[in-house]
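Sequence positions, counted from 1, serve as the residue numbers for this chain. Keep in mind that this is a model prediction, so the values were computed, not measured.
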Amino acid sequence: MWNKANLIFLWAMLVSVVAMATQHRPFQRTKGINGLEKLVVRDPRGRSFEVYLYGGQVTSWKNEKGEDLLFMSTKAIFEPPTPIRGGIPVLFPQYANTGPLPSHGFVRQRFWKIDANPPPLSSHPSSTAHTDLILKSSKADLRIWPHKFVYRLRVALGHGGDLTLTSRIRNSDVKPFNFTFGLHPYFSVSDISQIQVEGLQNLDYLDQLKNKTRFTDHGKFITFNSQLARLYLRAPNKIRIVDHKKKKTIVVRKEGQADAVVWNAWDKKVADLGVEDYRRFVAVEPVAVEKPIILKPGQEWKAILQVSVVPSVCSRKSCIPHT
């Protein structure tokens, strides 16, 4: 016979199991804008990110206060085959117009799938919540880029609320191929005129607004008062975006991508960007462009983007990040 104490114990165990199952649910699959499927991933502290299966694109990354740390255009179009403006687009197998394909390649215009059983990731930063996506080359892809590939993408929240995107691209063909690559994060800022980008001083860059003319950046940091589009060559693996008004620093860490792009459209007319949107974002992009990646059959290439936000102590002259 079950006595009262046994029933209470059984009930407590049942509640505990249900709570654990709910807490460790990997993601919520739901409908986003225009019915496009998206995954919502939360950690126990209420931090979250959202990723659309269309494009494998992260469109939101929120801290425990519910503040979105990524920018989305007020005119973003969620209608395939149009790419989504904002968040973190995935650019493969071509960055920008560096080859014969349409600008920025085609995977940002494909429907990805959930990777239910991904291979283990070696030396991956520990996470509190993550999801895995996969994209395989289709017959339509092979008609415009005749190389078979498998692209695995893990998006993860770290214990400190940082966001990590790990890309693994495998050559599943019988012949080698090469590609250029980039992730294009749009970071939310208070005002483009109130920020500076640090860590790229004394580097050579190609000015995209001046026919890719090569210059050397002798400034201590980058500020913005007009349109800017620069490809920095052999950039360091740590770049900082200091937001004076919000007294915070966005720390961008990269692995596997040798170069970096800094971009803001300023008041240049862009069809799917609101007139005043340029004030609220900066793009600091880890890319592999100067030296294309070469993959032999069966070989896999890995790239990591990790972003975090830390407070800054600001004086009238400068801000010092607590990194």
Exercise. Is the side chain of D259 donor-acceptor paired with the backbone N or O of E290 at a distance under 3.5 Å, no angle test?
Worked result: yes

Exercise. If two hydrophobic side chains count as joined below 4.5 Å and joins carry through other members, does L233 share a cluster with V289?
Worked result: yes

Exercise. So among Y95, F106, F92, Y151, which one has a ring pair (Phe, Tyr, Trp, His ring centres under 6.0 Å) with F179?
Worked result: F92

Exercise. Going through the distances and angles, do S188 and L70 end up as a side-chain contact (heavy atoms from CB on, under 4.5 Å)?
Worked result: CA-CA 5 Å; S188 176; L70 295 175; 5.8 Å; no

Exercise. Should I293 and F181 be marked as a side-chain contact (heavy atoms from CB on, under 4.5 Å) after you check the CA-CA gap, both sets of side-chain angles, and the distance that decides it?
Worked result: CA-CA 8 Å; I293 307 299; F181 172 88; 5.5 Å; no

For this session: Mark yes or no for whether E64, through its side chain, and R45, through its backbone, hold a donor-acceptor pair below 3.5 Å.
Result: no

Exercise. Side chains of N63 and V309: closer than 4.5 Å at any heavy-atom pair?
Worked result: no

Exercise. Can you check whether L157 reaches S127 side chain to side chain, under 4.5 Å on heavy atoms?
Worked result: no

Problem set entry | SB check D162 R253 (cutoff 4.0 Å) | no

Problem set entry | Check: Q257 side chain, E255 main-chain N or O, donor-acceptor pair, under 3.5 Å | yes

Exercise. Looking only at atom types and distance, does a side-chain atom of Q208 sit under 3.5 Å from a main-chain N or O of A229, one as donor and one as acceptor?
Worked result: no

Problem set entry | Salt-bridge present (R230, D217; N to O < 4.0 Å) | yes

Exercise. Hey, does the side chain of W112 reach the backbone of V107 with a donor-acceptor pair shorter than 3.5 angstrom?
Worked result: yes

For this session: Identify the heavy atoms of A76 and M72 that sit nearest to each other, and give their distance.
Result: CB-CE, 4.2 Å

Exercise. Hey, does the side chain of Q227 reach the backbone of K268 with a donor-acceptor pair shorter than 3.5 angstrom?
Worked result: no

Problem set entry | Considering all heavy atoms, the nearest A129-V41 contact | CB-CG1, 3.5 Å

Problem set entry | Spacing of R240 atom CZ and I250 atom CD1 [to the nearest 0.5 Å] | 13.0 Å

Exercise. Do H218 and N202 touch side chain to side chain, with heavy atoms closer than 4.5 Å?
Worked result: yes

Exercise. Got H184 and R108 here, is their nearest side-chain heavy-atom distance under 4.5 Å?
Worked result: no

Seminar exercise, completed: Shortest non-hydrogen pair, N171 vs K175, comes out as ND2-O, 3.0 Å

Exercise. Between the side chains of T74 and D277, does any donor sit under 3.5 Å from an acceptor?
Worked result: yes

For this session: List for me each residue that meets salt bridge (Lys or Arg N to Asp or Glu O under 4.0 Å) alongside R170, sequence neighbours excluded, and say none if there are none.
Result: E300

For this session: Report the distance from atom CD1 of I192 to atom CG of D243, rounding to the nearest 0.5 Å.
Result: 9.5 Å

For this session: Applying side-chain contact (heavy atoms from CB on, under 4.5 Å), run through Y232 and I239 and close with a yes or a no.
Result: CA-CA 11 Å; Y232 284 84; I239 304 168; over 6 Å; no

Exercise. Where do L200 and Y205 land on the side-chain contact (heavy atoms from CB on, under 4.5 Å) test, with the steps shown first?
Worked result: CA-CA 9 Å; L200 299 170; Y205 67 87; over 6 Å; no

Problem set entry | Shared hydrophobic cluster for V150 and L153 (ILVMFWY, side-chain gaps under 4.5 Å) | no

Exercise. Is the backbone N or O of F149 less than 3.5 Å from a side-chain atom of S172, with the two atoms forming a donor-acceptor pair by type?
Worked result: yes

Exercise. Going from OG1 on T164 to CZ on F49, what distance comes out if it is rounded to the nearest 0.5 angstrom?
Worked result: 10.0 Å

Problem set entry | Donor-acceptor pair, side chain of N34 and main chain of L36, under 3.5 angstrom | no

For this session: Give a yes or no answer on whether the side chain of E285 reaches the backbone of L231 with a donor-acceptor pair at less than 3.5 Å.
Result: no

Problem set entry | Derivation of the salt bridge (Lys or Arg N to Asp or Glu O under 4.0 Å) call for D132 and R154 | CA-CA 4 Å; D132 290 277; R154 171 169 291 185; 2.9 Å; yes

Exercise. So which heavy atom on K148 is nearest to which on S137, and how close?
Worked result: CA-OG, 3.3 Å

Problem set entry | Residue that, paired with S190, satisfies side-chain contact (heavy atoms from CB on, under 4.5 Å) out of K246, R279, H244 | K246

For this session: State the CG-CG distance between L295 and D173, to the nearest 0.5 angstrom.
Result: 11.0 Å

Exercise. Is there a donor-acceptor contact under 3.5 Å from the side chain of K254 to the main chain of A235?
Worked result: yes

For this session: For the pair F71 and F281, name the ring-plane relationship: parallel under 30°, tilted 30 to 60°, perpendicular over 60°.
Result: parallel

For this session: Determine, stepwise, if the pair W266 / Y278 fulfils ring-ring contact (aromatic ring centres under 6.0 Å, His included).
Result: CA-CA 5 Å; W266 204 254; Y278 75 92; 5.0 Å; yes

Exercise. Linking I/L/V/M/F/W/Y whenever any side-chain heavy atoms sit under 4.5 Å apart, do L273 and V261 land together?
Worked result: yes

Exercise. Closest approach of L228 and V262, non-hydrogen atoms and distance?
Worked result: CD2-O, 3.4 Å

Exercise. Does the side chain of V252 come within less than 4.5 Å of F187's, by heavy atoms?
Worked result: yes

Exercise. Only one of I33, L39, V58, L133 forms a side-chain contact (heavy atoms from CB on, under 4.5 Å) with Y52, so which one is it?
Worked result: I33

Exercise. Are I84 and V90 co-members of a hydrophobic cluster defined by side-chain heavy atoms under 4.5 Å apart?
Worked result: no

Exercise. Is there a side-chain contact between L163 and I88, using heavy atoms and a 4.5 Å cut-off?
Worked result: yes

Exercise. Given the rule in the side chain to side chain donor-acceptor pair (under 3.5 Å) test, do D68 and S60 qualify, once you have shown the distances and angles that lead to the verdict?
Worked result: CA-CA 6 Å; D68 210 319; S60 175; 2.7 Å; yes

Exercise. To the nearest 0.5 Å, how far apart are CZ in R47 and CD in E67?
Worked result: 13.0 Å

For this session: Kindly compute the distance separating OH (Y54) from CZ (R110), expressed to the nearest 0.5 Å.
Result: 8.5 Å

Exercise. Are any of the side-chain heavy atoms of P93 and F177 separated by less than 4.5 Å?
Worked result: no

Exercise. Can you tell if the side chain of P297 reaches within under 4.5 Å of the side chain of V174, non-hydrogen atoms only?
Worked result: no

